[in-house]
Structure formats: structure tokens, C-alpha cells
Visitor: 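The following block contains the structure, expressed as C-alpha cells.
On a predicted model such as this, the values are computed, not experimentally measured, just so you know. Naming convention: chains lettered A, B, ... in sequence-line order (proteins, then strands); numbering from 1 in each chain.
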2 protein chains.
Amino acid sequence: MKVDRIKGHLDLVLLGVLSESPGHGYAVITTLRARTEGTLDLTEGSVYPALHRLEELGLLASEWQPVAGRRRRMYRVTTAGQRALQAERRDWRALVSAVEAVLGRAPATAVGAL
Amino acid sequence: MKVDRIKGHLDLVLLGVLSESPGHGYAVITTLRARTEGTLDLTEGSVYPALHRLEELGLLASEWQPVAGRRRRMYRVTTAGQRALQAERRDWRALVSAVEAVLGRAPATAVGAL
DNA sequence: TCTTCATACCTAGCCTAACTAGGTATGAAG
DNA sequence: CTTCATACCTAGTTAGGCTAGGTATGAAGA
């Protein structure tokens with residue numbers, strides 16, 4: 001499934017995952033893929049720049065960790081990031097409520113076609 | 001509230017509203033604002049180009065109607081538009097499920113219609 | 001050995017679509 | 001005779017997710 005529909009909600013899921021436990025970018029990608037059973041299959045080209053942007057905004061902090069010869073950039077959510085996450089959650093629920101208010105009256109799953 | 005978060009879901013709500021009953025652009029805007037109690041307060045600069053795009057794609061059809069000296073462009077959802085709407089609904093539900101799976105079942109989604 | 005795969009990171013440039021900020025025009029209300 | 005609500009339009013900007021490339025290590029397997 002194409003999930004360019006994540007547009008505008010990428011920060012939400014990134015902050016959401018990292019607020020539970022700090023982790024590195026690649027792990028965030030695989031976590032999202034696993035938790036959503038493949039629905040959220042984000043590319044590195046989406047996630048890494050987003051992580052950089054969130055750090056730039058002060059919502060994430062990172063530090064390099066050497067791991068078996070490789071290196072990982074471990075991210076954690078800052079205090080400002082926690083506040084931002086709460087705001088993102090509120091906005092998300094508002095959007096879901098709004099869309100459901102709009103679509104709620106139409107035949108949802110009852111459409112006979114297909 | 002800023003709802004640029006509608007990004008990627010504008011087609012869904014436009015097709016959703018117009019599939020219930022044909023209408024003109026300005027009415028769609030006021031309908032969305034009323035139904036969502038102001039949450040979805042879209043600008044004309046968002047809606048009109050979107051309607052044109054959807055018509056260009058064959059998902060909407062329109063015709064001018066004279067109304068008390070003024071003129072309105074009345075839109076209706078085409079057959080292809082109905083199919084597209086169903087696909088949009090599926091994608092929307094998939095996104096909501098995915099985000100909730102990531103965030104750990106957020107509440108406030110008690111509308112059974114979806 | 002040598003190739004391939006999984007891990008783990010990065011970025012320049014593209015593309016889409018929502019938004020900004022302006023514009024036109026009518027009719028009613030004040 | 002001005003202002004407001006209705007009703008439409010679009011050029012140009014912006015944001016941000018995606019494409020498509022790149023670097024590098026370690027382990028598996030041919």
C-alpha cells in the first residue's frame with residue numbers, strides 16, 4: 001500500500017515510537033513496518049530527513065553509539081518533544097473526528113460493490 | 001485550528017460530501033465547516049483547485065447553473081468518482097488503523113460508521 | 001574467495017498538493 | 001454607497017515526503 005498519506009502525520013508516529021523507548025532510525029522503520037503489518041512501510045529517504053528535522057526543532061536529541069564496528073545514531077524524545085507529541089495526538093484525534101463527522105452519514109462498509 | 005493536516009485526505013472529504021448530494025464549491029466549504037464545527041475550515045484556494053483537479057481526473061462532473069443573477073458550478077460525483085471514493089475510504093481506514101497500532105489504541109474513535 | 005544480503009547511515013533534487021494572497025462580480029442590508 | 005455574504009478564479013509559494021542515488025560493515029553462502 002502506498003502511504004504517502006502519512007503526509008502530515010509522520011512526526012506523530014516517529015515521536016510516538018521514540019517516546020516509548022529511544023532507538024535509531026533503521027529500527028524505527030522496522031518497528032513501524034512490524035507494528036502495522038506492513039501498512040506503514042516508510043523509506044529511509046522519508047524517515048532520516050524527518051528525524052533530522054525533528055532534532056533541528058529540538059523535539060529529538062541524538063548521540064552516536066558504536067555497535068559491533070558499526071555506528072548508530074540513537075534518538076530520544078526531549079521534553080519539548082513530549083509536549084509536541086501531545087499536541088500532535090490532539091490534532092490527530094481532531095482530524096479523525098472531523099473526517100468521521102463528514103463521512104459518518106454515508107454508507108460506509110455497506111457498499112455492495114466489490 | 002489549523003487543518004493543513006487534511007493533506008492527502010482532501011479528496012476523500014470532497015468526494016464524500018458530494019457523493020451524498022451534488023453541490024457547488026462554496027456550499028461544500030460551508031458544509032464541511034458546519035459538520036465539523038469549524039475544525040475543517042478550508043480556504044477557497046484549497047477547495048476550488050481541488051475540485052478542478054478531481055474533475056480533470058474524471059471523478060467529478062460539473063455544469064453551470066444560473067441562480068438569481070449569479071452562477072454556480074454544480075458538481076456531482078461520477079461513477080469513477082464513486083469507485084475512487086471507496087478506495088479513499090479504504091486507505092483512510094488503513095491509515096487510522098496503522099496510526100492507532102503505532103500509538104497504542106488511542107481513544108475517541110467511537111463512531112461505528114467507519 | 002567473492003558475491004550478496006541485511007544492517008545502518010546520508011542527501012540532492014523532484015513532485016504534489018495545500019495554502020497565500022490577490023482578483024472579479026452580484027445582491028441584500030445598513 | 002458602503003459593507004457584507006455569496007460565489008467564483010488563479011499565479012506563485014511552500015512544505016515535506018519520495019526517488020534515486022551514495023557510503024560502509026559484518027555475516028552468510030555459493
Visitor: In what stems does DNA chain D take part, counting only runs of at least 3 consecutive Watson-Crick or G-U pairs whose two distances fall under 3.5 Å?
Guide: C:1-30 with D:1-30

Visitor: Please give, in whole Å, the distance from C:dC19 P to B:Leu51 CG?
Guide: 13 Å

Visitor: To the nearest angstrom, how far is A:Lys7 atom NZ from C:dC19 atom C1'?
Guide: 14 Å

Visitor: Could you tell me how the ring of A:His9 sits relative to the ring of B:His9: parallel (under 30°), tilted (30 to 60°) or perpendicular (over 60°)?
Guide: tilted

Visitor: Salt bridge check: are A:Glu55 and A:Arg76 linked by an N-O gap of less than 4.0 Å?
Guide: no

Visitor: In B/S/- notation, 5' to 3', how is nucleotides 5-12 of chain D contacted by protein heavy atoms closer than 4.0 Å?
Guide: -BBBBB--

Visitor: Is there side-chain contact between B:Arg71 and B:Pro66, with heavy atoms separated by less than 4.5 Å?
Guide: no

Visitor: Would you kindly give the CD1-to-C1' distance between A:Ile6 and C:dA18, to the nearest whole Å?
Guide: 17 Å

Visitor: Would you kindly give the CG-to-C1' distance between A:Leu40 and D:dC18, to the nearest whole Å?
Guide: 15 Å

Visitor: Side chains of A:Leu18 and A:Leu51: closer than 4.5 Å at any heavy-atom pair?
Guide: yes

Visitor: Do side-chain atoms of A:Thr78 reach the backbone of A:Gly58 as a donor and acceptor pair under 3.5 angstrom?
Guide: yes

Visitor: To the nearest 0.5 Å, what is the distance between CZ on A:Arg83 and CG on A:Leu15?
Guide: 12.5 Å

Visitor: Could you tell me how far apart B:Leu12 (CG) and C:dA17 (C1') are, to the nearest whole angstrom?
Guide: 15 Å

Visitor: Mind calculating the distance between CG (B:Leu57) and C1' (C:dT16) to the nearest angstrom?
Guide: 12 Å

Visitor: Could you tell me if the side chain of B:Leu59 sits less than 4.5 Å from the side chain of B:Asp11, heavy atoms only?
Guide: no

Visitor: Using a strict threshold of under 4.0 Å (side-chain N to carboxylate O), is an ion pair present between B:Arg93 and B:Glu100?
Guide: no

Visitor: Tell me the interatomic distance from A:His9, atom NE2, to D:dG16, atom P, rounded to whole angstroms.
Guide: 12 Å

Visitor: Do A:Glu44 and A:Tyr26 have side-chain heavy atoms sitting under 4.5 Å apart?
Guide: yes

Visitor: A:Leu10 has an atom CG; how far is it from atom P of D:dA15, in whole Å?
Guide: 16 Å

